[in-house]
Amino acid sequence: MRPLTDEETKAMFEKLSKYIGENIKLLVDRPDGTYCFRLHHDRVYYMSEKILKLATNFSRDKLISVGTCFGKFTKTQKFRLHITALDFLAPYAKGFGVAAKTTQECRRVDPLSIVVFHQADVGEFIRNEDTLT
Amino acid sequence: MLKYDPSKYSHNIRKLDRDDADRSTPVSQLTWQVEGGDDDISRKRRGEFPSYEPRRPKKSRPLGADTCKAPDRKRSEQKNSSDLIQSKRFSIGPTRTDAQGDLDSDEEICRLMAAQDSSHHALQQEAEESPLEVVGLEYSVKSGRKGDEDEYDSADTDELIASRRNLSPLSNERSKGRSQPGEEKVKAVLPLQTLSFKEDSGLEKKRTKTRVLPVLQHGDEEEEEEEESAGSSSDSEYEAMFSNVTRLELSLADLQRLAEEDSQAAGILGSEGDPALAAGPSEQPAPKKGTSPEEILAAILEDSDDDRPRKRKKRKGVTLPPLPAFQGTRSLQETDDLLRREEEEGGGDQMDSRTTETEGQEGEKNGALSQSPVASESSSSSEEDEEERTTETPAAEALLPSQIFSDEGSGEAAPPTLRRKLNAEEEEELQRKANLRRLSALQQRQKKVEEQKKLIQGALANLDAPPPKAGKRIVFDSDDEEENPSQTASSIIQSVEEAAGTRAVANQRAAKDKFSAPQLFDSSEDEDGAEEEENRFDLRPQFEGQAGQKLMALQYRFGTDERFRMDERFLEEEEPDGEAESGLAVEDEALEEEKKKNLSILQNLLGSSKQPSSRTPSKAAKFRDVSTLHYDPSREEHTAFETKTIQTTESKAARRKKREEAQKLPEVSSDIFYEVSGDLKAVFGQTKEELSEAEEENNWDQEEEEEDGGEEEELQTSLLPDDPITTKEESSGFKFSFFGVDGETSSRETTEYKVENIQAPKVSWQQDPRFHDSSSDEEPESQSREAKAEEPPSTMDLFFFYPGDSRLKDGPTLFCRSGQLEEQREDWEERRTMLRREVRKKHKDARRKLKAAPKS
């Protein structure tokens, strides 16, 4: 278990910011305790310092998981967010949508063009099951 | 059965039934039939009442249904009961034959029999219980019957009353032979009457028959809904069978008696000693207590009277007073006894079904009382019962609230006249109260909103809360000696204090141990103990501090053994402790550093996007829900919401001036445009010059507009003398000619003057400067202006009209056509063509530009 390097941290924050924007700050800097990210077997775990200190007592191969797993880094160092992070992201979620055009473009484009891709909303089926079918 | 006719289904029932006697009944045939002995109770349960000797014109009852079953046979012993049964079965039987052939399955027959039995059973019950009336479709019809008191009214009391009141509507609804109240009363059919609630699918023919007929058929239909074809093929048989209707009356009388007995026992129907007699007095309370059991009973007693007109009168009397308020549980409790009695005999299910459906206890009461009936048969009828009840209860309830409302403070429901009489004070009070209410409602709303917000916040906050405390381990305040080694510097002091506390505790513990020791054992060490007691609570400095804590823990391990007392020699050295602590601090610092680093990375990532987002939260914070916003005049901030009326501080003189100016304008314009000049010569003289000018202008115009030269001609033609002049001369009296030679010089001067004057119309609102190219318009105007100027203005000052007033001339011109219609049309045509030309020109120019631009 080791802390994240700068690049890794940056990659992870980038990913998180897509979902919760700048509220990552609230995850990093919490009033009720010190929480941190740690990397273990290519997975990023989010835990409080207390857990962290306890976890240091385990040997690496014996430690399976610590705190909550936010995601993992792939072989090519891309950060994949896991569903186990949902509880932490949900309160700050920004909604579903990927901008299809740049901000400047969005301003200039005609009213009918597609600006946001409403994708990756897997829960929509569950949330709206009453109305969809 | 006198004659056995194998072709008749009813005759075969008995036969078949014999075969099925030993069969175990399948589920579909479960009935309410009570197998019993010969004792009075079981007999009564089956519907076999002791002989009453009713007057019976006929005793013939061909049905051998009596002997279908053993109990039936017993019944046949008693004429009354047997007749009852016969009639009942009879009713059911023939209808079945109507619907089906003789090939009915045994099961159905058994069901029928069972139904009959149950109906009898119900009848028995009814007879025994209070004489509530079973309200069937023929309830209204029943009214004419006597002995109706024995018929339990399964409907709600409200329905009772309503049915009494509304004979015709109800009869229409139910499409039954209610219309004949004077018919014979077939009270034995009581239970079956409930069946009548069901829709009559078509036994219209039976209407003319006694009430029993339709009812019974109803019941039968219910049973055989799928099968029955509503045929009345064997009407004759049915009628023949039902010629014994009167017998039932007698039995009802018997029931009456029973009912009376019951009533006396229950103590409710005290007033109904003799149904016939008590009908009168009982009716009086009846109308008032529409929903009470007494009322129902009274209704029944009423029905017992054959006197229809009296009944109708009663009904009328009933209709007049509004429904009284529900009597309440008191009256109910009185009927509880009856209910219980009935329950014992078993209409439990029905009662439940009815109670659940009907509102309030009234229905319950009625349902219980009218249990009845007819188990399977009336099951569906009970539905109708309930329906009716429910339909009528709202009516009754509607009446009730209206009553209550009327009874309540008339001040609130006061008609306008009363209102006026209210003082202003009272109105103020009302307003104040209303205001208070409004405020309180507002506050409540606010509270709700806040609560919701808090809920949301709490819910969100709790999302992250559990993880730290995920463990089930309960952490107590560290009263322990074992202090968590990972403490920051700040907590060291705490730990020290705690250590002191724990030390004291440990000392106490030790002391206790010590103390107990001497007690346990005979003290040969009292002296030592005494000494130790003194020293027990002294401060022990070796236990102070972090190291002291450890020492204490160590001491604790060794217990109170004197040999293992920890003193300062055992204290660890401070330095390593300090190092450990510093190490802990370092760790924490590292975490803090990491945090800061993360934040910095974050900032780098989101630096640019952060700013707008920082704005948005502020905007979001500023977002105010407009719906919650409520204008409060007492608050200073809300003065912004008020619309400010602009106070005109103009003086009166200024206002007057404004007015005058406003007035002036039309006058001026009229001067300009609509003045008629009488000076023909001047007009003519001027026209010549103007013509030349016009021509020049036209030429210039022509040069400008190359495309439509022809249209230019129009302009010229308009200026040309002949037609326009003549037309103009004719119409408006504007007289001028383009060829006026005389007075040219003067006209020149005047033209100059006119030129100046011409400017104004170009600018004025009546003239569109862009298209004012026709000098034809100019001439008259200029001339008119000139003429006007010449006229003396003195006359304008007078207020009153006088003959020759210019205003009289000017006024009509305001709304009359100023020029010749043709003139105007031509002018318009010119303008139009001009416009078109212009527009096309511009369009082409723009196109050319566009083409030119990309090319270049």
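Naming: A, B, ... by sequence-line order, numbering from 1 per chain. Worth knowing before you read on, the calculation uses all heavy atoms, side chains too, and leaves out hydrogens, waters and symmetry mates.
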S.K.: Considering residues, nucleotides and ligands other than A:I83, do more than 12 of their heavy atoms fall under 6.0 Å from its CD1?
M.R.: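 Not buried by this count: 12 neighbours or fewer within 6.0 Å.
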S.K.: Can you name the one residue among A:L16, A:T9, A:I24 that meets side chain to side chain contact (heavy atoms under 4.5 Å, CB included) with B:L602?
M.R.: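 Of A:L16, A:T9, A:I24, side chain to side chain contact (heavy atoms under 4.5 Å, CB included) with B:L602 is met by A:I24 alone.
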S.K.: Nearest heavy-atom pair of B:N598 and A:F37: which atoms, and what distance?
M.R.: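 B:N598 and A:F37 have their closest heavy atoms at ND2-CD1, 4.2 Å.
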S.K.: Any salt bridge between A:R38 and B:E594, counting N to O under 4.0 Å?
M.R.: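 A salt bridge is present here (some side-chain N lies under 4.0 Å from a carboxylate O).
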S.K.: Which atoms of A:L4 are under 4.5 Å from chain B, going by heavy atoms: the side chain, the backbone, both sets, or neither?
M.R.: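 Contact with chain B involves the backbone of A:L4 alone.
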S.K.: Which bit of B:K597 is near chain A, if near means a heavy-atom gap under 4.5 Å: side chain, backbone, both or neither?
M.R.: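 Side chain only.
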S.K.: Verify the neighbour count for atom CZ of A:F58: are there more than 12 heavy atoms of other residues, nucleotides or ligands below 6.0 Å?
M.R.: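 Atom CZ in A:F58 is not packed in, count stays at 12 or less.
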S.K.: To the nearest 0.5 Å, what is the distance between CD1 (B:I601) and CG (A:D6)?
M.R.: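 If I round to the nearest 0.5 Å, the distance is 4.5 Å.
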S.K.: Any chance NZ of A:K72 has more than 12 other-residue heavy atoms, nucleotides or ligands included, within less than 6.0 Å?
M.R.: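 12 or below, so no.
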S.K.: Is the count of non-hydrogen atoms from other residues, nucleotides or ligands lying under 6.0 Å from A:R2 atom CZ greater than 12?
M.R.: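 Counting neighbours around CZ of A:R2, more than 12 heavy atoms of other residues, nucleotides or ligands fall under 6.0 Å, so yes.
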S.K.: Could you tell me which non-hydrogen atom of B:L591 sits nearest to which non-hydrogen atom of A:K53, and how far apart they are?
M.R.: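 Closest heavy-atom pair between B:L591 and A:K53: CD1-NZ, 4.4 Å.
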